[in-house]
Amino acid sequence: MVIRRYFIAFSILSSLANLVHAREESMIGSSAITNAEQRDVADTLPQISTSDLDNIISLRAQFEKQNQSYSSPVVPNEKLLRFLKKDEVELSDEAMYWARLVRDASTAFDNNMTFRDTVIVNPLFLPLIFNGGIFPKNQTFYKEDFWKKNDQLPLPFTPDPLFEEEDLKRKIANDRYKYIQLNHPDYYRYSIRDLPQDKVIAKVIKKPTYQQEMIKVETEADFKDVDAPVKFIPKRRYWTSHFESSIQFAQAYFSPNWHDGNQNTNINLNTRNYFKYDYNKNKIKLTNELELKISANNTSKDTVRSVSVTDNDIRLHSNFGYQAYRKWYYTFDLSANSKIFDSYNVNDTITRLSGFLAPLSITVGLGMKYDIDKQLSGNKYKKIHFDVNIAPLSMTYRYSRYKERFDFGRHGFDGSKLDDEGRIRNHQTYFGSNIKANLKWQFNRTTIWTSRFEYDTSYQRIYWIFENRLEMAISRFFSTQITINMRYDDAGNKNIDLKDTFLQLNEALTFGFSYRW
C-alpha cells in the first residue's frame, strides 16, 4: 500500500511539471509575436508634431462643460406618486361572478350530464404506455399477522363496501394491463420517459405604479393659450309626458238626477287613470289627454245587480295650437267622450241610462287658446298652470248604438228628431260654441288642486261641467282626495233635492293608492 501511494504522488508531480513547461513556451512565443507586431505598427504610423498636439481638445474640460447642466434626479414625493399612479380597474362582485362562471371549465357541461356520458377514462381504451410498473400492487413491507398479536394497536383501515363495484372494475383493468405487459411487450411503442417533460411556467407581468417620465412643472404657467371647457348644452325635449293613477275607497253622494244613475251608498270604489302627452316646439304646441274614470258600488237597495256602476267615463282630448301673440294660440280642438259599462236605475233592467258608445259625443271647434305656466316665488313646489280654449264655432256629434230602451233625453238628444220608424234618431249633429278651461295649482309638495271646466251650447241647449279635485298626499303611494263634480244639462232631469234645478252634483271623500310621474 505504501508503494502504491508513492507511485500516485510521483505521477501528480510529473504532470504538474509538464504543465509549467508548456506554459513558459507559450508565453515566450506570444512575446515574440508581440514585439514583431509593434515594429510593424511603428513603421506604418505617421509622426505627430507638437502643433497638432495643441489642437486636441481636452477631454476633461469637455466633460466639465457638459456636466454644468446636469442635475441629480430628485425622488418624487408621495403627492406626485399619487397623482401619477394609474387607477386600477375594479370589477363589481356580480361582474366577477360572471367572469369566473365563463372561465370555469366545469360549467361547459350541464348539471344533468355526467362525465361517463362525455369522457372515456378507462385506460384500456387509451394507447398503451409503459409506466415502469416493477412492484406489484399487493406488495407489503410488514407481516400480515402483526396486527393480530398487538391488541393495543388500532386495526388498519378497511375499504368501504360502497365502492366494491368500482374496485372490481379497477382490478379487472389492472389484470388485463399486466397480461399485456407480460405476454405481449411488443405492443408498447412508448414509455412514460418518452412523454414530454417540459413545464410551462407563467410569467408574472407587473403593472407599473407610475410612469417613468416625470411631469415637467413650470413655476409660471401661462393660461392664455388654454381653451375654455366646452359648455354642455343638453338636448331639448320637445315631447313631455305625465301620468296619474289612483284606486281608492270613497264615501260618495250622488244627486237623484245624476246622468249615470243614482245609487247612494256609504262606501264605493273609485279608480282614475290620466295620461298626458304634449309637444312644444317653436310656435307649435300640441296637447293630448286620455282620462278613464270608473266608480263601482254595492247597494242593498238594488236587488237585481250585486255591483252597480255610478260613474264610468272615457275622455280623449287633443288640441293643436299655433302661436299668434305671446301666450295666445290659434287652435283646432277635438274631444271625444263615451261611456264604458251599462248602467241602470235601481231595480230596473229595461231602460239603459248609459252603455259602451251610448252615448258617444265628439266635439270639434276652431278658436283661440290662452296658456300660461308660472313658478310662484318662495317655494320651488309652488306652481300654477292655467289654459282656456274659446271656440266660437264648434260642431258636436252624438251617437248611441242603442236605438231602443235607452234614455236619449238624459244625454241631450233632441226628441223631435225622429227616424222613419218614429223613434228618436240615435245620431244627431249640433252647431254652436264651446269653451274649455283647465287649472292646476300646486300649493306645496303634497297638496294639489285640479279643476276642469267645459261649456257647450247649441243655442237651444246648455251643457256645462265643473270638476274639482283636492289631493293631499300622505306618502308617495297613498293620498286622500276630496272631489266635487257639478254638471248642468237643461235637456236632462231636474234635481228634486235642489229645488227642481237641472244641476247635477257628485261629492266624494276618498283614500287609497295614488301614483304619479
Colleague: Heavy-atom count check: over 12 atoms from other residues, nucleotides or ligands less than 6.0 Å from Q375 CD?
Modeller: yes
Colleague: Side chains of K440 and N438: donor-acceptor distance under 3.5 Å anywhere?
Modeller: no
Colleague: Determine the minimum heavy-atom distance between S479 and A473, stating which atoms define it.
Modeller: CB-CA, 3.7 Å
Colleague: Verify whether one side chain among D414 and S416 offers a donor that lies under 3.5 Å from an acceptor in the other.
Modeller: yes
Colleague: How about L470 and I484: do any of their side-chain heavy atoms sit closer than 4.5 Å?
Modeller: no
Colleague: Evaluate the side-chain proximity of F386 to K374: yes if any heavy-atom separation is below 4.5 Å, no if none is.
Modeller: no
Colleague: N312 side chain to I340 main-chain N or O, any donor-acceptor pair under 3.5 Å?
Modeller: yes
Colleague: Distance alone, cut at 3.5 Å: any donor-acceptor contact between the side chains of S354 and S343?
Modeller: yes
Colleague: If you look at every heavy atom in T446 and N444, which pair is closest and at what distance?
Modeller: N-OD1, 3.0 Å
Colleague: Quickly, which of R315, R469, E289 forms a side-chain contact (heavy atoms from CB on, under 4.5 Å) with R452? Name it, please.
Modeller: R315
Colleague: So, taking the atom named OG1 in T429 and the one named OH in Y397, what distance separates them when rounded to the nearest 0.5 Å?
Modeller: 6.5 Å
Colleague: For residues 299-342, which residue pairs pass the ring pair (Phe, Tyr, Trp, His ring centres under 6.0 Å) check, not counting sequence neighbours?
Modeller: W328-Y370
Colleague: Side chain to side chain contact (heavy atoms under 4.5 Å, CB included), that's the test. Do S361 and T363 meet it? Break it down for me.
Modeller: CA-CA 7 Å; S361 178; T363 303; 4.2 Å; yes
Colleague: Rounded to the nearest 0.5 Å, how far apart are NZ of K339 and CD1 of I294?
Modeller: 11.5 Å
Colleague: So which atom in D348 and which in R305 form the shortest heavy-atom distance, rounded to 0.1 Å?
Modeller: O-NH1, 2.9 Å
Colleague: In terms of heavy-atom contacts, does NZ of K276 have more than 12 from other residues, nucleotides or ligands at under 6.0 Å?
Modeller: yes
Colleague: If I take atom CD1 from residue I424 and atom OG from residue S400, how far apart are they, to the nearest 0.5 angstrom?
Modeller: 10.5 Å
Colleague: Could you go step by step and tell me if H411 and D489 meet the side chain to side chain contact (heavy atoms under 4.5 Å, CB included) rule?
Modeller: CA-CA 8 Å; H411 300 285; D489 189 358; over 6 Å; no
Colleague: Could you tell me the separation between the OG1 atom of T240 and the CG atom of D278, rounded to the nearest 0.5 Å?
Modeller: 4.5 Å
Colleague: Taking atom CG of L168 as the centre, does the number of heavy atoms from other residues, nucleotides or ligands within less than 6.0 Å exceed 12?
Modeller: yes
Colleague: Without hydrogens or angle criteria, can the side chains of N273 and S245 be said to hold a donor-acceptor pair below 3.5 Å?
Modeller: yes
Colleague: Taking the side chain as every heavy atom from C-beta outward, state whether I474 and F511 have any atom pair closer than 4.5 Å.
Modeller: yes
Colleague: Using the rule side-chain hydrogen bond (donor to acceptor under 3.5 Å, both in side chains), only one of K285, R326, Q323 pairs with D371; which is it?
Modeller: K285
Colleague: So, does S308 use its side chain to make a donor-acceptor pair with the main chain of A296 at under 3.5 Å?
Modeller: no
Colleague: What do the steps show when you test S394 against D456 for side chain to side chain contact (heavy atoms under 4.5 Å, CB included), and what is the final call?
Modeller: CA-CA 9 Å; S394 67; D456 185 80; 4.3 Å; yes
Colleague: Are any non-hydrogen side-chain atoms of I284 and Y238 less than 4.5 angstrom apart?
Modeller: no
Colleague: Is the number of heavy atoms from other residues, nucleotides or ligands within 6.0 Å of CZ (F356) greater than 12?
Modeller: no
Colleague: How long is the gap from CD on E454 to OG on S335, to the nearest 0.5 Å?
Modeller: 5.5 Å
Colleague: Quick one, L439 with I384, criterion side chain to side chain contact (heavy atoms under 4.5 Å, CB included). Give me CA distance, side-chain angles, the key distance, then yes/no.
Modeller: CA-CA 8 Å; L439 173 66; I384 185 171; 4.0 Å; yes
Colleague: Would you say NZ of K293 has more than 12 non-hydrogen atoms from neighbouring residues, nucleotides or ligands within 6.0 angstrom?
Modeller: yes
Colleague: Where the side chain of R405 meets the backbone of T351, is there a donor-acceptor pair that is under 3.5 Å apart?
Modeller: no
Colleague: Can you list the steps and then say if S451 with N468 is a side-chain hydrogen bond (donor to acceptor under 3.5 Å, both in side chains)?
Modeller: CA-CA 5 Å; S451 179; N468 294 272; 3.2 Å; yes
Colleague: State, to 0.1 Å, how close Y399 and H427 come at their nearest heavy-atom pair, and which atoms those are.
Modeller: CD1-CB, 4.1 Å
Colleague: Measure up the F408 and F406 rings against each other and bin them: parallel (under 30°), tilted (30 to 60°), perpendicular (over 60°).
Modeller: perpendicular
Colleague: Do N319 and N389 have a side chain donor and acceptor closer than 3.5 Å?
Modeller: yes
Colleague: Below 4.5 Å, heavy atoms only, C-beta onward: do D313 and N337 meet side chain to side chain?
Modeller: no
Colleague: For Y344 and L353, which heavy atoms make the closest approach, and how far apart are they?
Modeller: C-CD1, 3.8 Å
Colleague: State which residues pass side chain to side chain contact (heavy atoms under 4.5 Å, CB included) with S318; sequence neighbours excluded, sorted by chain then number.
Modeller: N288
Colleague: Start with the C-alpha distance between D407 and R352, add both sets of side-chain angles, then the distance that settles salt bridge (Lys or Arg N to Asp or Glu O under 4.0 Å), and finish with yes or no.
Modeller: CA-CA 6 Å; D407 192 350; R352 292 184 178 86; over 6 Å; no
Colleague: Please tell me if the side chains of Y463 and T396 come closer than 4.5 Å, counting only heavy atoms from C-beta onward.
Modeller: no
Colleague: Could you check whether any side-chain N or O of E404 sits under 3.5 Å from a backbone N or O of R423, counting only pairs where one atom can act as donor and the other as acceptor?
Modeller: no
Colleague: Considering only heavy atoms from C-beta outward, does the side chain of I247 approach that of L269 to under 4.5 Å?
Modeller: yes
Colleague: Just checking, any donor-acceptor pair under 3.5 angstrom between side chains of T303 and N347?
Modeller: yes
Colleague: Minimum heavy-atom separation for S338 to L357, with atom names?
Modeller: OG-N, 3.3 Å
Colleague: Out of the candidates R516, R445, R272, only one should pair with E471 under the salt bridge (Lys or Arg N to Asp or Glu O under 4.0 Å) rule; please name it.
Modeller: R516
Colleague: Any side-chain to backbone donor/acceptor pair from T331 onto G321? Under 3.5 Å, distance only.
Modeller: no
Colleague: Centre-to-centre under 6.0 Å for W239 and Y277, is that the case here?
Modeller: yes
Colleague: Please report the interatomic distance CD(E467) to OG1(T483), rounded to the nearest 0.5 Å.
Modeller: 9.0 Å
Colleague: Y488 vs F502 aromatic rings, parallel, tilted or perpendicular, using cut-offs 30° and 60°?
Modeller: perpendicular
Colleague: Flag yes if more than 12 heavy atoms outside K417 fall under 6.0 Å of its NZ atom; otherwise flag no.
Modeller: yes
Colleague: Taking N434 for the side chain and A391 for the main chain, is one N or O donor matched with an acceptor at less than 3.5 Å?
Modeller: no
Colleague: Using the test ring pair (Phe, Tyr, Trp, His ring centres under 6.0 Å), find all partners of Y381 that sit at least two apart in sequence or belong to another chain.
Modeller: none
Colleague: Regarding Y459 and S433, is there a side-chain donor-to-acceptor distance under 3.5 Å anywhere?
Modeller: yes
